[in-house]
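Only one structure is covered here, and it is reproduced in the block below.
Predicted model, so just to flag it, every value in this text is computed and none were measured. The first residue of the sequence shown is numbered 1, and numbering continues consecutively from there. Numbering of ligands and ligand atoms starts at 1, following listing order.
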Amino acid sequence: MGKDSDSKHARVTLAVLSVFAGMALFLPGAKQAASAQRPMAVPPPPMGWSSWNSFSNTVDAKVIMDQAKAMVANGMAKAGYQYVNIDEGWWLGQRDAEGNIVVEAKAWPALASGERAGDMANIVRFIHALGLKAGIYTDAGMDGCSMYPDLGPVYQHVGSEGHYEQDFLQFAKWGFDYVKVDWCGGDKEKLDPAAQYAEIARAIGKAEAVTGRRLYLSICEWGNNSPWTWAANVGGAPADIWRTSGDIVAPIVPHEKHSGRLATFPVVLSNFDQGIHPEAEHTGFYNDPDMMVVGMPGLTDAQNRVHMSLWAISAAPLLAGADLTTLSDAALATLTNPEVIAVDQDSLGLQGIKVASYGDGLEVWTKALSTPGERAVLLLNRTGDPATIAVNWSDLGLTDSSPAMVRDLWARKDLGSFNSTYSANIQSNDAAMLIVHGSEGKLTTYAPAGADGARMDQEVTFTHVSSRVHMARVRISYTNSEKAPRFADLRVNGRSATGIAFPPTGSDTTAGAVWIEALFDREGANNVLSLSPISGPGLSIESIAIE
Ligand code: GLA
């Protein structure tokens with residue numbers, strides 16, 4: 001074990017490794033190379049739109065074309081929204097003699113000359129031509145959710161079980177960039193989701209190798225089997241999302257039989273709460289509290305802003321579910337606020353955590369951002385009355401002794417410089433979304449225990465670790481000389497592992513850092529953190545630093 005102050009932290013290079021193989025590898029007192037603190041950008045949560053909430057299984061090419069065009073015309077694409085995701089209802093369960101999916105020609109016609117009706121590549125080309133990306137949907141089981149239809153007839157066998165490699169290759173060849181894989185069939189058959197989704201991820205990997213393009217995986221088993229304990233890096237992908245709760249709303253399709261349904265604020269809050277698993281959200285892997293209902297019938301403008309703030313502070317995927325052709329100005333402004341989106345998309349990729357609560361329902365949430373000293377802060381009032389909520393710099397891991405600048409992200413206005421604390425009066429069921437920019441608190445640096453600690457051909461352990469807070473931010477300094485991410489399983493105090501992705505650092509002498517959040521639940525310096533390699537060579541762990 002080595003422990004040192006942040007500024008004096010030592011660095012282990014591969015050169016040192018080769019000279020001192022078998023000896024203690026930490027060089028106490030050596031000056032830490034600045035690069036060891038260089039945060040590596042990780043893939044941000046996806047942004048886009050999905051057809052389910054507003055179109056249910058009435059989705060077809062016309063719906064998708066209209067939505068894709070609206071996403072560009074209304075400024076959402078410019079604000080960062082890019083995926084146009086076709087959810088359930090595009091396929092009716094028919095396969096040909098070779099097991100290929102048969103697509104309904106009428107719903108998915110030719111869109112340009114030379115195209116064949118019933119070819120999903122048509123709609124993908126249309127979406128891509130607008131500079132957007134295309135998403136598709138299937139189920140991990142034999143049947144899909146169409147066996148319990150929200151609208152229209154029952155369709156059987158709308159799932160991919162038995163055809164994983166064939167279907168995911170087909171999606172990739174059609175040109176799709178994203179696939180959501182539901183669990184209705186898997187659930188019915190009582191399959192093991194961790195095993196099925198790993199098999200799906202492997203099928204996706206094979207399809208990607210054929211087409212040379214990424215097919216992003218969105219896992220949708222509603223949090224029933226704690227996907228945050230197994231879904232990060234399932235099957236060795238550099239980024240994935242997994243649902244953490246049931247549906248945020250049942251579809252509201254105008255002129256159909258459920259058109260009077262409403263989205264509700266309590267379900268928005270409940271999905272947010274169920275999506276908080278900060279220890280699993282890191283390095284490009286995200287908890288998914290479901291598509292947003294901003295702009296759908298049911299929420300007030302203020303509730304839409306709180307909803308967007310909750311998704312942004314938790315770095316949730318920002319997938320709008322409203323009909324983009326009929327968005328109100330207020331809903332559009334909420335969905336496209338660049339400062340709120342920037343919080344969600346911040347390149348550290350960390351989830352917000354609750355750092356203070358006062359009584360029942362007055363809460364302070366914070367998300368560390370990539371600019372040193374910057375924190376997004378949400379002051380959330382879940383109660384029925386207005387209340388004052390205070391945030392203290394010390395709760396944010398910022399130094400108490402330095403003043404911090406405060407900015408209101410919805411008013412888009414600087415509020416000034418404050419000493420050690422800021423408080424605001426928050427209306428009932430409302431929130432303030434802020435950036436607090438102060439001075440970083442101290443981190444404590446640890447070197448790997450034992451001899452060959454830093455080399456990732458074996459487990460690397462950090463012992464006698466302590467932290468100021470239970471859920472602490474951890475900076476892992478490493479090198480990855482390969483061109484692709486490398487992966488390692490992290491365990492804290494022997495708990496179930498989470499698969500961390502380490503983006504390439506350029507060389508084995510240039511270090512970088514990724515940030516994670518981990519629960520240090522043992523008193524004093526009794527915590528143990530270990531990293532075990534789960535991919536090929538090239539990764540070397542130098543040190544960790546903990547708040
Ligand atoms: C499930 C999912 C929803 C949607 C529907 C489609 O309920 O959770 O997001 O995909 O299936 O039937």
Quick one: side chain to side chain contact (heavy atoms under 4.5 Å, CB included) partners of A411, sequence neighbours excluded?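 For A411, the residues satisfying side chain to side chain contact (heavy atoms under 4.5 Å, CB included) (neighbours in sequence not counted) are D408, K413.
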To the closest 0.5 Å, what do you measure between CD1 (I276) and CD1 (I353)?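 Answer for the CD1-CD1 pair, I276 versus I353, is 10.0 Å.
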Value rounded to 0.5 Å, distance of CH2 in W90 from OH in Y137: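 Answer for the CH2-OH pair, W90 versus Y137, is 11.0 Å.
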Suppose we screen for salt bridge (Lys or Arg N to Asp or Glu O under 4.0 Å). Which residues come up paired with R243, at least two apart in sequence or across chains?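 Applying salt bridge (Lys or Arg N to Asp or Glu O under 4.0 Å) to R243 gives D247, D290.
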Compile the protein residues with any heavy atom at a distance under 4.0 Å from an atom of ligand 1; present them by chain, then by number.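 The answer is W52, D87, E88, Y137, C145, K180, D182, C220, W222, R243, D247, M291, counting any residue whose heavy atom sits under 4.0 Å from ligand 1.
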What pairs of residues pass the salt bridge (charged side-chain N to carboxylate O under 4.0 Å, His left out) test when at least one of them lies in residues 263-274, not counting sequence neighbours?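 For residues 263-274: D273-R382.
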Kindly state whether the ring of Y197 and the ring of W183 have centres lying under 6.0 angstrom apart.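 Yes: the rings meet the under 6.0 Å criterion.
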